[in-house]
S.K.: 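Supplied in structure tokens, the structure appears directly below.
Below, all heavy atoms of this structure are taken into account, side chains as well, without hydrogens, waters or symmetry copies. Order of the sequence lines fixes the chain letters, A, B, ..., with proteins taken first and strands second; residue numbering starts at 1 for each chain.
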Amino acid sequence: MHIPDGMLPGEVCLAGFAGTAALTWISVKQAEKKYRDTSRVISRASVMAAAFFVASWIHIPLPPVSVHPILAGLMGIVLGWLSFPAILVALFFQAAMFGHGGFTTLGVNSLTMGGSALLAWGIFRAFPRGSGDKGVLQAGFLAGFAGVMLAAAATSAILLLTIPSYVDPSIERAGILAMAGSHIPVALAEGVFTGLVARLLMRLNPGMLEQSG
Amino acid sequence: MDKSGGRGSILRGWDTALKIPALFLLMMAVAFVREPLLLPLLPLIALACFLSSGLSFHSLLKVLRIPLFLVLFVALFMALFSGREVMLALGPLAIRKEGVLLALGILVRVASVMTIGSVMTGTTPLAGLSEALRRMRIPPMMVDIGVLTGRYIMVIGEDHRQMAISRRLRGYRPGISFMKTLRVVVPTTASLLIRGFGRSERVFSAMRMRGYGKGTRVADTARRAFTVRDVCLTVGTTGAAVALLVLEAV
């Protein structure tokens with residue numbers, strides 16, 4: 001899901017950084033307006049970014065492979081606006097510590113993952129929820145599913161659309177669909193996982209979900 | 001990556017506030033290269049950086065191995081579906097010249113940029129990185145979020161390690177079915193997040209008590225003078241990046 005260094009043209013990398021800078025600024029301003037305190041923004045974003053970073057080490061068997069949760073949807077519904085800067089920082093650490101993603105592609109990767117988290121949060125908030133656990137489970141499932149699918153579709157589209165000419169447009173479209181389609185089982189698993197975690201958070205500490213709104 | 005961090009090497013001694021922007025510019029310049037004639041230069045530049053870093057070849061291979069799957073997929077796609085001039089026909093599949101050239105370009109760029117990136121991070125300790133980012137005028141809030149995240153990855157990572165030991169002691173074995181795994185990992189994840197949430201409140205209180213944001217900073221940085229070596233390395237690296245960009249434009 002993370003585009004490594006060297007895959008994208010320099011112009012796309014620069015555009016990614018510009019977009020990420022703009023979205024980070026908007027996210028931080030919105031979070032400051034909500035929390036009314038810079039210290040709270042910093043403590044919440046950093047500690048929760050670390051918690052999500054560690055949570056992504058958990059592996060779930062999805063035969064024939066084992067996957068780790070991407071957590072874009074869950075970050076969106078727990079952190080709200082703060083999910084974008086938290087994902088930016090987490091991606092930086094993933095690139096520095098494990099070589100996942102890259103430094104020149106940090107802007108583009110942040111846009112795809114962070115943008116998906118924000119959209120998943122929007123879906124979670126917009127989903128008409130009935131009372132109780134069932135509504136949170138359904139909205140959480142949708143947010144988790146959408147978080148993966150949006151990120152996969154955006155990453156696939158960027159990868160294939162930035163490939164230089166000569167590629168037959170119909171094959172290019174098929175490639176985008178194939179790459180995005182291969183993520184459907186992962187997105188379903190992530191949806192179930194996100195829904196269950198959101199439901200548990202609602203039971204144990206409802207403030208965590210309410211505060212993102 | 002490499003636990004030695006390239007101690008004693010030229011790049012480890014290079015002032016981080018100059019090293020990060022210079023190597024980043026070099027990575028961006030490599031990402032810009034599309035001209036086939038310039039491609040052989042890229043691995044040479046990356047090799048020069050790697051040899052000056054004092055990092056082990058094993059640590060570099062560990063980092064390069066990770067994106068290999070995605071890169072090989074894209075390279076294969078390019079070789080099979082890009083271009084017109086057929087080099088080799090394998091039944092219904094044909095390997096095309098233009099596609100092979102594009103695939104080679106991608107492979108060379110990925111390997112070169114990732115090598116330079118590994119050298120940059122491998123020779124820069126986290127404390128030095130945060131200091132450099134402050135001196136580079138990156139917004140203090142983002143640097144502080146980065147520093148605290150780095151610190152709490154270790155703390156929460158330790159929590160996670162202890163939870164994993166507890167799970168194993170209670171008989172949980174990884175690799176069981178999806179639904180059985182969910183019954184274990186869902187509470188684990190929720191627990192990590194709830195602990196993180198509570199910890200963030202305590203960090204917030206501590207920051208308030210220390211007067212954060214009222215004229216003080218989490219860590220004030222001392223400016224040090226650049227050495228001749230710092231300047232030479234910066235000029236050399238920046239010069240290489242600019243030369244690549246100019247040659248690509250010409």
Side-chain angles (χ1 to χ4, degrees), chain A residues 4-10 13-14 24 28 38-55 57-62 66 69 78 85-86 89-90 92-93 95-96 98-100 102-104 159 163-164 166-168 171 175 189 192-193 196-197 200-201 204-205 208, chain B residues 24 27-28 30-32 63 66-67 70-71 74 77-78 81-83 98-99 102 106 109-114 117-118 120-121 141-142 144-146 148-150 152-153 156-157 160 174-178 181-182 185-190 192-194 196-197 199-200 203-204 207-208 212-213:
Chain A
D5 278 321
M7 290 283 286
L8 298 178
C13 297
L14 287 178
T24 305
V28 167
T38 309
S39 321
R40 177 154 259 150
V41 172
I42 292 171
S43 60
R44 181 68 49 87
S46 50
V47 181
M48 293 307 284
F52 276 104
F53 187 89
V54 172
W57 296 348
I58 294 169
H59 277 77
I60 301 171
L62 194 66
S66 159
V78 172
V89 170
F92 174 83
F93 277 101
F98 307 118
H100 287 198
F103 295 104
T104 59
L159 272 177
I163 287 172
Y166 321 131
V167 182
D168 184 333
I171 292 174
V192 172
F193 175 77
L196 290 172
V197 174
L200 196 54
L201 291 178
L204 299 174
N205 192 343
M208 282 181 72
Chain B
F24 191 78
M27 285 195 285
M28 288 302 291
V30 171
F32 265 95
V63 173
I66 293 166
L70 179 62
V71 173
V74 174
F77 180 85
M78 304 297 292
F81 299 114
S82 179
E98 295 91 337
L102 286 173
I106 289 174
R109 273 194 307 276
V110 169
S112 305
V113 180
M114 289 205 69
S118 304
M120 184 177 82
T121 51
M141 179 193 268
M142 288 309 295
D144 291 339
I145 290 176
L148 281 175
T149 303
Y152 281 97
I153 284 174
I156 298 172
H160 175 251
I176 50 176
S177 74
F178 175 69
T181 303
L182 277 188
V185 298
V186 166
T188 304
T189 307
L192 276 176
L193 298 182
I194 290 169
F197 190 79
R199 193 170 263 136
S200 77
V203 172
F204 165 64
M207 287 169 80
R208 287 289 298 267
Y212 181 88

S.K.: Between A:F92 and chain B, which part of the residue has a heavy atom less than 4.5 Å away: side chain, backbone, both or neither?
M.R.: side chain
S.K.: Any chance you could measure B:T149, atom OG1, to A:I42, atom CD1, to the nearest 0.5 Å?
M.R.: 10.5 Å
S.K.: Taking the side chain as every heavy atom from C-beta outward, state whether A:L200 and B:P187 have any pair of such atoms under 4.5 Å apart.
M.R.: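 Yes - at least one pair of side-chain heavy atoms lies under 4.5 Å apart.
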S.K.: Which atom pair, heavy atoms only, marks the closest approach of A:M48 to B:G196?
M.R.: SD-C, 3.7 Å
S.K.: Could you give the distance from CG (B:L192) to CZ (A:F53), rounded to the nearest 0.5 Å?
M.R.: 13.0 Å
S.K.: For residues B:F24 and A:F103, report the shortest heavy-atom separation together with the two atoms involved.
M.R.: CE1-O, 3.7 Å
S.K.: Roughly how far, to the nearest 0.5 Å, is the CZ atom of B:R199 from the OG atom of A:S46?
M.R.: 11.5 Å
S.K.: Any idea which of A:A86, A:A50, A:A49 has the most non-hydrogen atom pairs under 4.5 angstrom with chain B?
M.R.: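 Of the candidates given, the most pairs with chain B belong to A:A50.
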S.K.: Quick one: what part of A:L196 sits under 4.5 Å from any heavy atom of chain B, side chain, backbone, both or neither?
M.R.: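 For A:L196, the contact with chain B is made by backbone and side chain together.
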S.K.: Let me know if A:L8 has heavy atoms under 4.5 Å from chain B in its side chain, its backbone, both or neither.
M.R.: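 The backbone, not the side chain.
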S.K.: Can you tell if the side chain of A:D5 reaches within under 4.5 Å of the side chain of B:R109, non-hydrogen atoms only?
M.R.: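 No; the side chains remain at least 4.5 Å from each other.
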S.K.: State which residues pass side-chain hydrogen bond (donor to acceptor under 3.5 Å, both in side chains) with B:S200; sequence neighbours excluded, sorted by chain then number.
M.R.: A:R44
S.K.: Which atoms of A:V47 are under 4.5 Å from chain B, going by heavy atoms: the side chain, the backbone, both sets, or neither?
M.R.: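 A:V47 touches chain B through backbone and side-chain heavy atoms alike.
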S.K.: Using 0.5 Å steps for rounding, measure from the CZ atom of A:F193 to the OG1 atom of B:T189.
M.R.: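 Going from CZ on A:F193 over to OG1 on B:T189, the span is 3.5 Å.
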S.K.: Assess the residue pair A:L14 and B:F32 against the criterion (side chain to side chain contact (heavy atoms under 4.5 Å, CB included)); give the C-alpha distance rounded to whole Å, side-chain angles, the decisive distance to 0.1 Å, and a yes or no.
M.R.: CA-CA 10 Å; A:L14 287 178; B:F32 265 95; 3.7 Å; yes
